[in-house]
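Everything below concerns the one structure shown next.
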Amino acid sequence: MSKSKFENPPAAAESETREPESTLGTKRGRKRKRKGNGQADAEVIEENAKKGTGKSIKFDEPTQHVEAPIEKPEEPTPKLKTIPGPKPQVEPKSQPQQTPHESAKGPKKDKPDHGQRPNEKQRKKNLESRGPPPSRNSHVPPHLVKKRDELLQTRQTLPIWPHADPIRERLRKNNILVLTGETGSGKSTQVPQFLISEPWCTKTIAITQPRRVAAISLARRVAEEMGSYFGNQSPAAKVGYSVRFDNATGPSTKVKFLTEGMLLQEVLRDPDMNQYSAVVVDEVHERSVNVDLILGFLRNLVAEIEKGSSRRKQPLKVVIMSATADVEGLVNFFAEGFAKNSGQPALPEADKFISKCFVEGRQYPVKTHYLPQPSMDWVESALKIIFQIHYKEPLPGDILVFLTGQDKIEGLEKLVNDYAEGMDKEMPKLLALPLFAALPQQAQQRIFQPTPRHTRKVILATNIAETSVTVPGVQFVIDCGKSKIKQFRSRLGLESLLAKSVSKSAAIQRKGRAGREAPGQCYRLYTEADYKTLEERTTPEILRCDLVQAILTMKARGVNDVLNFPFLDKPPVESLKEALFQLLRLGALKADGTISDMGLQMAKLPVTPKLGRILLEAARPEKDCLLDVIDIISALSTEDSIFFNVVTEEKKEAAEEARRDLYRREGDHLTFLATVQQYADEETDRRAWCDRHFVSHRAMQNVMNIRKQLRQQCQSLKLLTPADLSKESSSSSPNTDAILTSLLRGFVSNTARLAPDGSYKTFVGNHTVSVHPSSVLHGRKVKSEAIVFSEFLYTNKAYAKKVSAVQMNWVEDVMKEAFGI
DNA sequence: CTTTTGGAA
């Protein structure tokens with residue numbers, strides 16, 4: 001293999017065909033590549049398990065009895081990972097057996113690959129030099145060894161395989177490696193295995209993932225490839241994972257996949273990351289807030305170790321893995337850390353400290369089509385193109401349509417079905433399948449069922465199909481070029497959710513979805529000129545979100561000077577300051593800006609700072625309503641909505657009737673409390689209870705997991721004693737005043753008063769806000785003098801979501817306390 | 001009169 005290629009990403013080699021994208025770290029960075037199909041299957045399995053559709057999942061019954069005092073809680077949650085799925089076999093991220101020679105390279109290229117991959121001879125040579133994996137573990141059962149040896153062949157065909165030795169060499173020389181690996185390169189599974197027997201690798205290797213399902217399925221795959229036990233199957237297991245609700249690591253764990261949030265949580269206890277010899281940060285191009293924080297912490301830590309000012313004396317190896325070819329931003333980012341050390345204003349030769357590596361991926365070519373004219377109505381344009389494809393192109397070949405949201409999806413679904421009815425009976429049929437996160441799990445699963453004979457699937461999806469779900473069998477992508485984006489306006493304390501044009505990198509990502517299994521085509525519902533005007537990158541989340549949580553995370557980990565934290569993209573100073581004030585108002589910071597005891601407690605709770613503050617408030621003796629508030633916070637923390645969203649008028653009335661005993665006149669929060677408590681009290685058949693009440697079983701299972709975790713966490717923070725839990729009886733009526741005033745303490749700025757014209761105006765900023773139609777308070781004839789709400793969201797207008805009625809004097813009291821007026 | 005998508009001892 002050529003050394004020069006290794007050190008230099010082949011930027012020059014791809015000039016014309018390369019779609020511009022080279023500003024990660026300096027400008028914007030965002031997702032582009034995705035997982036292999038096999039992994040997607042695993043994701044489906046895990047997803048299925050997570051959402052709890054599988055009948056085999058058993059949840060712990062509610063704790064009416066005394067719960068054993070928790071020293072070391074043993075597996076608080078069901079073992080999702082071992083649930084047998086329809087296809088338990090996890091495939092590698094790419095399917096090399098299907099791409100013998102004609103695959104094109106990378107989603108951004110339409111032309112075939114010319115000799116980037118090493119030839120067979122080189123590959124053989126690499127194998128010889130490396131030899132078969134050592135089989136010193138004779139106690140490992142034969143079936144694991146057999147599986148490992150079978151998988152070895154597949155591993156050797158991965159594009160990353162020949163890079164093994166260079167990667168090892170680079171990391172011996174330098175502590176930091178920036179690795180670009182395109183879709184299907186195999187980096188996530190192979191890199192940890194390349195490093196595990198290095199001389200410096202005396203401890204564990206951590207690999208972070210943005211999503212839980214990915215962490216679990218990758219860990220399972222790597223265990224198989226290594227011929228090792230997995231997770232906590234055996235104390236000898238060398239591969240494990242750690243995600244929320246599920247820690248499967250043991251004393252022998254050498255390779256540990258974990259979510260980004262989990263690593264951050266570990267940093268809280270162990271800022272020097274002493275348990276690790278290496279940290280591999282995967283999927284950096286997705287630029288989640290957590291990944292940005294991790295990169296900042298790592299840069300600080302590595303620089304301190306280098307300087308000798310850290311308590312840690314052993315080196316920490318860091319591998320940054322991204323799907324985008326833009327290494328320079330990341331290299332410069334880390335080089336700055338070293339430059340600061342040496343007191344130099346400019347970077348010394350960055351290459352002396354930081355290595356680079358580029359690994360090609362595996363993708364089939366995808367042909368792009370644009371509209372000749374801009375379209376006013378892209379739902380209609382999509383409809384036309386669906387049928388155009390259907391008439392013109394032979395089966396098989398499913399169509400994936402990217403739309404903005406549920407309403408558009410349902411609209412187009414109906415249109416497709418209507419027009420399909422009028423088709424010639426001889427024609428292949430069309431099967432329209434919606435796909436969005438709020439869709440019940442069962443309906444989501446339909447995209448994985450085999451296509452019926454003589455039928456073409458049309459999957460109508462949100463951007464869930466961009467990263468989270470890999471839809472199989474897609475040969476045609478239709479991309480409307482828009483997606484809904486959440487943006488936080490820190491000045492107004494308001495979030496907006498609006499459809500905006502996607503970035504070029506997102507458009508490329510969507511297009512790539514057509515080239516996973518065979519050459520494909522992508523129809524963009526806009527003109528080529530429009531494409532050229534798109535932003536290069538999706539704005540990183542850290543520039544779009546409320547920074548309160550990120551800053552508390554930093555403060556709790558010893559970063560006091562937040563304004564000088566090494567951000568890959570630095571948010572505006574005003575937003576940072578606004579978040580600092582917010583934390584001060586919540587009592588998480590002292591006046592000098594350092595973290596308070598309360599702030600530390602909040603940082604240890606797995607909820608947003610506002611919700612954490614509410615829990616602490618409820619624990620105060622004056623309020624003494626923590627258990628009830630935990631129930632409410634659990635319901636607020638789940639991503640799925642508890643109450644099914646009913647469409648038709650009759651169903652709406654039926655739901656209203658069925659939920660009558662849950663609804664509370666005080667508002668949504670106490671309605672949640674009643675729902676959680678009744679669900680928890682239901683001991684015979686919770687699923688049936690949910691069906692009767694038009695409540696989402698999946699959401700409630702999630703709520704119960706969070707509730708359990710919060711109860712445990714509150715115990716270890718000494719907010720709850722085992723005695724509290726034992727004397728609990730949900731028959732006693734809740735102290736609603738205490739609950740609502742506790743909520744107010746966290747949601748100080750989420751309050752509004754009734755104006756003479758019948759509208760609500762926020763206390764802070766005097767903005768008009770409407771009660772969201774999903775609230776039980778929506779459309780009330782008698783309005784309360786003031787409201788508190790959990791979310792403040794602008795869509796068609798500014799809405800208050802999850803709303804409770806409160807007394808004016810309560811609001812005034814809490815404002816005095818928070819603002820010190 | 002309504003809901004992009006991930007994530008947390």
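Numbered from 1 within each chain, the chains take letters A, B, ... in sequence-line order. Quantities reported herein were computed from a predicted structural model and do not represent experimental measurements.
- Following rounding to the nearest Å, Lys500(A) (NZ) and dT5(B) (C1') show an atom-to-atom distance of 16 Å.
- Following rounding to the nearest Å, Leu293(A) (CG) and dG7(B) (C1') show an atom-to-atom distance of 12 Å.
- Side-chain atoms of Arg544(A) and Glu541(A), non-hydrogen and from C-beta on, do get closer than 4.5 Å to each other.
- Across Val284(A), Val280(A), Leu264(A), Leu258(A), a single residue satisfies side-chain contact (heavy atoms from CB on, under 4.5 Å) together with Thr208(A), and that is Leu258(A).
- In this entry the distance linking CD1 of Ile216(A) with C1' of dA8(B) reads 14 Å, nearest Å.
- Taking 4.0 angstrom as the limit, Asn796(A) places a side-chain polar atom (N or O) nearer than this to OP1 or OP2 of dT2(B).
- Residue Val607(A) is classed as a base contact, given a heavy-atom separation below 4.0 Å to a base.
- Among the nucleotides dT3(B), dA8(B), dG7(B), the one closest to the side chain of Arg244(A) is dA8(B).
- Place Ser637(A) and Gln406(A) on DNA chain B by their nearest nucleotides, and Gln406(A) ends up nearer the 5' end.
- For the side-chain hydrogen bond (donor to acceptor under 3.5 Å, both in side chains) test, no residue two or more places apart in sequence or in another chain qualifies with Thr608(A).
- Nearer the 5' end of DNA chain B, as judged by each residue's closest nucleotide, is the contact made by Leu435(A), out of Leu435(A) and Glu260(A).
- Set against dA8(B), dG6(B), dT3(B), the side chain of Ser468(A) has dG6(B) as its closest nucleotide.
- Among the atoms of the strands shown, none is found under 4.0 Å from any heavy atom of Ser483(A).
- For Gln549(A) against dA8(B), a side-chain-to-base donor-acceptor contact under 3.5 Å is present.
- Listed nucleotides dT4(B), dT3(B), dA8(B) differ in distance to Tyr799(A); the shortest reach to its side chain belongs to dT3(B).
- With hydrogens and angles left out, the side chain of Glu541(A) and the base of dG6(B) share a donor-acceptor pair within 3.5 Å.
- Closest to the side chain of Arg211(A), from the set dG6(B), dT4(B), dA8(B), is dG6(B).
- OP1 or OP2 of dT5(B) lies within a sub-4.0 Å distance of a side-chain N or O belonging to Thr462(A).
- In this entry the distance linking CD1 of Ile464(A) with P of dT3(B) reads 18 Å, nearest Å.
- With no hydrogens or angles considered, no side-chain donor-acceptor pair links Ser288(A) and Asn290(A) at under 3.5 Å.
- Salt bridge status for Arg211(A) with Glu286(A): present, with a side-chain N to carboxylate O gap under 4.0 Å.
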Residues 789-801 of chain A, side-chain donor-acceptor partners within the protein, below 3.5 Å, at least two apart:
{"from": "Ser790(A)", "atom 1": "OG", "to": "His669(A)", "atom 2": "NE2", "distance (Å)": "2.7"}
{"from": "Glu791(A)", "atom 1": "OE2", "to": "Lys802(A)", "atom 2": "NZ", "distance (Å)": "3.0"}

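- Rounded to an integer number of Å, the gap from CG of Leu268(A) to C1' of dA8(B) is 11 Å.
- For Thr608(A), no side-chain nitrogen or oxygen approaches OP1 or OP2 of dA8(B) to under 4.0 Å.
- Between the C1' atom of dT4(B) and the CG atom of Asp479(A) lies a distance of 14 Å, rounded to the nearest Å.
- Contact annotation: Ser774(A) side-chain N/O to dT2(B) OP1/OP2 distance is not under 4.0 Å.
- Atom CD1 in Ile542(A) sits roughly 18 Å away from atom P in dG7(B) (whole-Å rounding).
- In this model, the phosphate group of dT3(B) is approached by a side-chain N or O of Thr795(A) to a distance below 4.0 Å at OP1 or OP2.
- With distances taken from any side-chain atom of Arg212(A) to the nucleotides dT5(B), dC1(B), dA8(B), the minimum falls on dA8(B).
- Glu266(A) places its CD atom 12 Å from the P atom of dA8(B), with the value rounded to the nearest Å.
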